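Worth saying up front: this structure is predicted, and the values here are computed from it rather than measured. Letters A, B, ... are given to chains in the order of the sequence lines, protein chains preceding strands, and every chain is numbered from 1.
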Amino acid sequence: MSSEGVIEGWVSNVKILGKIAFIEVIDGLNLSPITVVVRKDSGSVDWSKVSAVKLGSAIRVKGVYPEKVVSKKGREIHADEIEILAEPRDLPPIDVTGKTPASFEDYINYRYLALRLPRVRAAFLARSLIVNEIRSFFSERGFLEVHTPKIVKAGAEGGATLFEVDYFGVKAYLAQSPQLYKQMLMCGVPRVFEIGPFFRAEKFSTTRHLNESWGLDVEMGFIKGMEDVLEVLSQLVVHLSHKLNERLGDALRGLGYNVIKPVTSVRVLTYDEALEVLNSLGFNLKWGEDFDPKAEKSLGDYLEEKGVQAYFIVDYPWESKPFYIMKKDEKRGYAFDLDIRGIEVASGGQREHRYEVLRQNLLEKGLNPEDFSFYLEAFKYGMPPHGGFGLGIDRLVMTFLGVQNIRETVLFPRDRFRLVP
RNA sequence: GCCCCGGUCGUCUAGUGGUCCAGGAUGGCGGCCUGUCGAGCCGCAGAACCCGGGUUCGAAUCCCGGCCGGGGCGCCA
């Protein structure tokens with residue numbers, strides 16, 4: 001049964017034959033174009049107008065969805081009326097047909113055009129899906145979504161990597177983490193999560209760092225131990241990888257993405273076990289050392305060969321973790337990292353909830369408790385045992401899609417040298 | 001911050017000091033095509049060698065400096 005309809009979008013290809021014309025249009029949030037079919041003898045569309053359609057134009061088409069689709073692309077509409085809403089004023093700087101790839105730089109400079117290309121479009125559909133699923137996941141489990149300040153007086157762990165801003169004549173900074181705020185909230189609500197940006201004034205120029213990043217921060221009160229946090233994060237990773245594969249897996253793979261397979265469980269290794277594996281792979285790491293990217297990548301490849309795409313590393317040396325991590329023993333803390341395909345995506349742990357011990361931890365790390373008084377105060381009024389994690393959403397999307405550069409997952413990335421667009 | 005690689009028509013590229021008044025593809029323009037769709041065929045026109053300096057009879061090509069982009073390390077969300 002054919003039906004009438006209206007589509008709007010941008011022209012990605014035009015083929016005008018003697019008696020029939022095909023105009024491909026990127027519409028809605030679809031990944032592939034719809035074929036607009038115009039017959040010269042139908043009389044319903046001014047044929048000269050068809051001839052005048054330019055690549056890249058914004059158009060509106062009224063027509064009929066045929067009962068039988070001939071187009072191999074899967075969707076078509078037979079045009080009754082074509083309205084050209086806007087034409088390109090100049091030659092587009094990116095080939096909107098997709099025949100000629102543009103440079104990495106131009107894909108960012110002209111992201112709004114690149115979004116018409118299926119491969120770029122798909123990455124941001126995937127990112128949107130992942131963020132939507134994160135929100136559903138936590139909302140369904142009784143977590144309150146919160147939003148904490150991004151203009152702050154001090155950093156979470158000192159002030160080394162903060163962007164300074166002028167706050168009406170007072171020195172302030174762009175937040176590098178909501179860590180302190182979400183912990184304070186544990187004194188009022190049992191579970192919170194936040195999806196938001198954070199800023200780090202690090203002069204890194206790598207494929208996995210940005211100066212403005214988006215993160216998921218989770219904090220859970222009344223936990224019995226770090227295992228409660230690991231369980232929730234495991235379920236999240238499993239959930240997201242399944243949802244991504246269900247909804248977009250085939251399309252993404254068809255576009256050349258090396259999409260993560262559905263994760264069924266997240267392996268847990270201790271720091272000691274990881275050290276042992278790495279040294280068996282030829283590294284020569286001493287206890288207490290952090291793993292460099294080469295080591296992390298080797299560990300990730302080794303485990304992925306064994307079918308382990310995502311894994312925790314727990315029982316980290318306390319020395320290398322922040323002051324708010326609860327000590328497990330003299331050397332280790334209740335801390336973990338989550339690596340996915342060899343890239344560190346999240347870190348977390350159980351937090352020290354006892355006021356006096358927390359204060360002592362600050363001193364032990366060379367930090368002045370007076371600088372943290374607004375945060376410490378919350379620990380005087382019934383702060384329960386709690387734990388949580390911070391996860392980089394840009395990195396999560398990057399590893400799930402199997403892309404090499406984190407900037408492929410961010411519309412307008414801010415990295416070491418990019419402040420426009 | 002350090003190291004490496006790169007910058008050529010609108011876009012993607014080929015290019016050994018003279019073979020290059022720089023070739024190809026795509027995009028643009030014109031023509032053809034009974035549904036093109038693994039990017040149809042033919043023709044035409046292109047403000048193209050990042051910027052500055054140097055070597056040379058001669059530089060897209062070699063050297064130096066700068067700017068911009070990518071990769072690696074430092075680093076970790």
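- Taking only side-chain atoms of Val70(A), from C-beta outward, the nucleotide of rU26(B), rG69(B), rC37(B) with the closest atom is rC37(B).
- Taking a pair to require two hydrogen-bonding distances under 3.5 Å in either a Watson-Crick or a G-U wobble arrangement, rG1(B) pairs with rC73(B).
- Between Lys327(A) and Glu352(A) there is no salt bridge, since no side-chain N of the basic residue sits under 4.0 Å from a carboxylate O of the acidic one.
- Nucleotide rA48(B) has no partner under the Watson-Crick or G-U criteria, as no pair reaches both atom distances under 3.5 Å.
- Distance check on atom C1': rA77(B) versus rC64(B) gives 41 Å, rounded to whole Å.
- Distance from the side chain of Asp292(A) is smallest for rG74(B) among the nucleotides rG28(B), rC37(B), rG74(B).
- Residue Thr100(A) places no side-chain atom within donor-acceptor reach of the base of rA25(B), judged by atom type and a 3.5 Å distance cut-off alone.
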Q: Step by step, work out the salt bridge (Lys or Arg N to Asp or Glu O under 4.0 Å) result for Arg60(A) and Glu8(A).
A: CA-CA 4 Å; Arg60(A) 175 182 293 126; Glu8(A) 293 153 336; 2.9 Å; yes

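- The shortest distance between the side-chain N/O atoms of Ser177(A) and the OP1/OP2 oxygens of rA77(B) is not below 4.0 Å.
- Listed nucleotides rU11(B), rU36(B), rG28(B) differ in distance to Asp106(A); the shortest reach to its side chain belongs to rU11(B).
- rC67(B) and rG7(B) make up a base pair, with Watson-Crick or G-U wobble contacts both under 3.5 Å.
- Remark: Asn405(A) is in phosphate contact with rG71(B), judged by side-chain N or O atoms under 4.0 Å from OP1 or OP2.
- Straight-line distance between the P atoms of rG70(B) and rU61(B): roughly 24 Å, to the nearest whole Å.
- Of the side-chain N and O atoms in Lys99(A), one or more sit less than 4.0 angstrom from OP1 or OP2 of rG27(B).
- In this structure, the CZ atom of Arg208(A) is 8 Å from the P atom of rG74(B), given to the nearest Å.
- The interatomic distance linking Glu202(A) (CD) with rA77(B) (C1') rounds to 9 Å, in whole Å.
- Separation of the P atoms belonging to rG53(B) and rU13(B) is 28 Å when rounded to the nearest angstrom.
- OP1 or OP2 of rG72(B) has at least one side-chain nitrogen or oxygen of Thr207(A) nearer than 4.0 Å.
- Taken from CD in Glu219(A) to CZ in Phe193(A), the straight-line distance is 14.0 Å, to the nearest 0.5 Å.
- Considering only side-chain N and O atoms, Lys73(A) lies nowhere under 4.0 angstrom from the phosphate OP1 or OP2 of rG35(B).
- Comparing the same atom, C1', in rA60(B) and in rG71(B) gives a spacing of 25 Å after rounding to whole Å.
- For rG35(B), its base sits under 3.5 Å from the side chain of Arg39(A) at one donor and acceptor pair at least.
- For Asp95(A), the listed nucleotide lying nearest its side chain is rU26(B); candidates were rU26(B), rG1(B), rC75(B).
- Between Ile108(A) atom CD1 and rG70(B) atom C1' the separation is 11 Å, expressed in whole Å.
- The base of rG71(B) has none of its N or O atoms less than 3.5 Å from a complementary donor or acceptor on the side chain of Gln404(A).
- Taking both residues in full, the closest heavy atoms of Val218(A) and Lys182(A) are given as O-NZ, 3.1 Å, listed atom of the first, atom of the second, then distance.
- Nucleotides rG30(B) and rA45(B) have their C1' atoms positioned 10 Å apart, rounded to a whole Å.
- Distance, Leu216(A) CG to rA77(B) C1': 11 Å, rounded to whole Å.
- Tested against Glu24(A), the residues Thr35(A), Thr97(A), Val36(A) include a single side-chain contact (heavy atoms from CB on, under 4.5 Å) partner, Thr35(A).
- Pairing of rG35(B), defined by two Watson-Crick or G-U wobble distances under 3.5 Å, is not identified with any nucleotide.
- Taking atom CD of Glu24(A) as the reference point, atom C1' of rG27(B) lies 16 Å away to the nearest angstrom.
- For the C1' atoms, the distance linking rA48(B) with rG15(B) amounts to 13 Å, nearest Å.
- Salt bridge annotation for Asp41(A)-Lys19(A): absent, with no cationic side-chain nitrogen under 4.0 angstrom from a carboxylate oxygen.
- Taking only side-chain atoms of Phe104(A), from C-beta outward, the nucleotide of rC12(B), rG70(B), rG35(B) with the closest atom is rG70(B).
- The phosphate of rG70(B) has OP1 or OP2 within less than 4.0 Å of a side-chain N or O from Arg407(A).
- Nucleotide rU55(B): unpaired (no Watson-Crick or G-U wobble partner with both distances less than 3.5 Å).
- Using P as the reference atom, rC50(B) and rC42(B) are 32 Å apart when rounded to the nearest Å.
- When the C1' atom is used for both rG74(B) and rU55(B), the distance is 38 Å, rounded to whole Å.
- Applying the 3.5 Å distance criterion, the base of rC75(B) shares no donor-acceptor pair with the side chain of Thr206(A).
- Taking atom NZ of Lys15(A) as the reference point, atom P of rU34(B) lies 12 Å away to the nearest angstrom.
- The distance from atom NZ of Lys19(A) to atom C1' of rU34(B) is 6 Å, rounded to the nearest whole Å.
- Heavy atoms of other residues, nucleotides or ligands lying less than 6.0 angstrom from NZ of Lys261(A) number 12 at most.
- Judged purely by atom type and a 3.5 angstrom limit, Arg141(A) has no side-chain atom pairing as donor or acceptor with the backbone of Val232(A).
- At whole-Å resolution of the value, CD in Glu105(A) and P in rG71(B) are 12 Å apart.
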